[in-house]
Amino acid sequence: MIDILDSFKSRTGRLLLKKRYGQHFISDRNLLRRIVQFAQINPSGTVLEIGPGGGSLTRELAVVCQKVIAIEIDRDLIETLKASLPVKAEVVEGDALQIPFEALTDESFHVVGNLPYNVATALLKKFIENRERIVNITIMLQKEVAERVCAEPGTREYGPLSILVQYYAKTTWGFEVPPGSFSPKPKVDSAVIRIDWKPGVPYHPLFTDFVHRAFSSRRKKLMNNLLVMLPSRSRGEIAGILRAAGLSPDVRAESLSVDQFLHVYNQSL
């Protein structure tokens with residue numbers, strides 16, 4: 001079998017890393033199998049893998065599903081990937097942020113991947129936009145980002161990203177991944193999480209924008225942010241909206257649950 005990492009070694013034996021793609025290849029096979037097990041993949045289903053890199057996770061995925069579609073942005077990896085992966089794995093060259101998912105398959109699919117840290121949030125937004133076709137999502141993220149996605153109200157990590165994802169989905173924390181599981185080693189810890197959609201939640205981009213604005217001055221009380229966001233409403237009217245949601249006028253944005261945020265948003269229209 002071709003070792004794709006060999007094609008990135010210089011004459012001195014050092015691994016050349018394209019920093020613009022945030023490439024860190026998983027080298028721990030036990031970890032790969034653990035990710036696949038945690039993903040709960042339908043054996044007759046299709047998996048869309050984001051950033052196969054060296055193809056190690058792709059091979060493990062191909063063992064447990066009908067088809068893998070692996071999107072790789074680095075053209076230097078494409079030829080070796082195609083030569084080394086099993087026949088049920090299709091390699092697509094391109095940027096996962098730009099490729100329409102409907103152009104890849106007519107079927108619903110699982111998403112699995114080790115997301116590049118620099119585009120993780122943008123990819124999460126794209127998954128949400130395409131959630132009707134996505135069965136579930138199992139991704140490895142920078143640990144700090146994973147904590148923000150799964151954070152509970154009132155914690156330091158809780159913020160707009162937490163609400164953006166948790167409005168549409170249930171998040172499940174999987175496990176942490178140390179730098180030594182990668183080649184080359186990243187400078188940060190990682191974590192694996194799974195995202196399972198809540199049924200019947202409509203796409204609501206204006207709600208997302210509302211939440212971002214409510215967190216724009218995190219140290220301020222939510223009341224003060226809402227006065228800026230809703231200039232036609234009086235302080236008394238906004239205090240009434242907060243009380244109707246069971247909230248004190250002194251509350252800060254990070255204390256609100258997703259449902260409370262949605263209530264305040266709906267009453268602010």
Does the [X] side chain pair with the main chain of [Y], one donor and one acceptor, at a distance under 3.5 Å?
{"X": "W197", "Y": "I134", "result": "yes"}
{"X": "R131", "Y": "I128", "result": "yes"}
{"X": "S181", "Y": "D28", "result": "no"}
{"X": "Q40", "Y": "T138", "result": "no"}
{"X": "R148", "Y": "G159", "result": "no"}
{"X": "Y168", "Y": "E129", "result": "no"}
{"X": "K185", "Y": "P178", "result": "no"}
{"X": "N136", "Y": "D196", "result": "no"}

With rounding to the nearest 0.5 angstrom, report the [atom1] to [atom2] distance, [X] to [Y].
{"X": "E147", "Y": "I193", "atom1": "CD", "atom2": "CD1", "value": "10.5 Å"}
{"X": "S257", "Y": "E152", "atom1": "OG", "atom2": "CD", "value": "11.5 Å"}
{"X": "Q98", "Y": "I71", "atom1": "CD", "atom2": "CD1", "value": "11.5 Å"}
{"X": "K82", "Y": "T80", "atom1": "NZ", "atom2": "OG1", "value": "11.0 Å"}
{"X": "L77", "Y": "E72", "atom1": "CG", "atom2": "CD", "value": "4.5 Å"}
{"X": "T46", "Y": "Q66", "atom1": "OG1", "atom2": "CD", "value": "7.5 Å"}

Yes or no on salt bridge (Lys or Arg N to Asp or Glu O under 4.0 Å) for E254 and R156, after CA distance, side-chain angles and deciding distance?
-> CA-CA 8 Å; E254 60 266 27; R156 180 173 57 87; over 6 Å; no

Same apolar cluster (I L V M F W Y, side chains within < 4.5 Å links), [X]/[Y]:
{"X": "I137", "Y": "W173", "answer": "yes"}
{"X": "L256", "Y": "I238", "answer": "yes"}
{"X": "I26", "Y": "V68", "answer": "yes"}
{"X": "L269", "Y": "L227", "answer": "yes"}
{"X": "V87", "Y": "V92", "answer": "no"}

Check the surroundings of atom [atom1] in [X]: do more than 12 heavy atoms from other residues, nucleotides or ligands lie under 6.0 Å from it?
{"X": "D95", "atom1": "CG", "value": "yes"}
{"X": "K126", "atom1": "NZ", "value": "yes"}
{"X": "K88", "atom1": "NZ", "value": "yes"}
{"X": "E102", "atom1": "CD", "value": "yes"}
{"X": "Q37", "atom1": "CD", "value": "no"}
{"X": "E79", "atom1": "CD", "value": "no"}

Looking only at heavy atoms, what is the nearest atom pair of [X] and [Y], with distance?
{"X": "A70", "Y": "T58", "answer": "CB-CG2, 4.4 Å"}
{"X": "V211", "Y": "P160", "answer": "CG1-CA, 3.9 Å"}
{"X": "P249", "Y": "A239", "answer": "CG-CB, 4.2 Å"}
{"X": "A245", "Y": "Q260", "answer": "O-NE2, 3.6 Å"}
{"X": "C65", "Y": "V47", "answer": "SG-CG2, 3.8 Å"}
{"X": "I241", "Y": "S268", "answer": "CD1-OG, 4.2 Å"}

Indicate the ring-plane relationship of H204 and Y265, choosing parallel, tilted or perpendicular according to the 30° and 60° boundaries.
-> perpendicular

Give the C-alpha distance, both sets of side-chain angles, the deciding distance and a yes or no for side-chain contact (heavy atoms from CB on, under 4.5 Å) between M223 and D250.
-> CA-CA 7 Å; M223 164 76 77; D250 295 328; over 6 Å; no

Intermediate values then yes/no, side-chain contact (heavy atoms from CB on, under 4.5 Å), L124 and L164 | CA-CA 9 Å; L124 283 168; L164 169 65; 5.7 Å; no

Could you please spell out the steps behind the side-chain contact (heavy atoms from CB on, under 4.5 Å) verdict for R235 and N224?
-> CA-CA 9 Å; R235 179 176 291 271; N224 294 329; 3.7 Å; yes

Test item: [X] and [Y] side chains (from C-beta on) under 4.5 Å apart, heavy atoms:
{"X": "L226", "Y": "M229", "answer": "yes"}
{"X": "V145", "Y": "L161", "answer": "yes"}
{"X": "H110", "Y": "N42", "answer": "yes"}
{"X": "P186", "Y": "P179", "answer": "yes"}
{"X": "V192", "Y": "F38", "answer": "yes"}
{"X": "V264", "Y": "F210", "answer": "yes"}
{"X": "D209", "Y": "R213", "answer": "yes"}
{"X": "V111", "Y": "L123", "answer": "no"}

Indicate whether any N or O donor in one side chain lies under 3.5 Å from an N or O acceptor in the other, for T105 and R133.
-> no

Decide yes or no on ring pair (Phe, Tyr, Trp, His ring centres under 6.0 Å) for F261 and F215, but give the supporting numbers first.
-> CA-CA 11 Å; F261 248 117; F215 274 91; 5.8 Å; yes

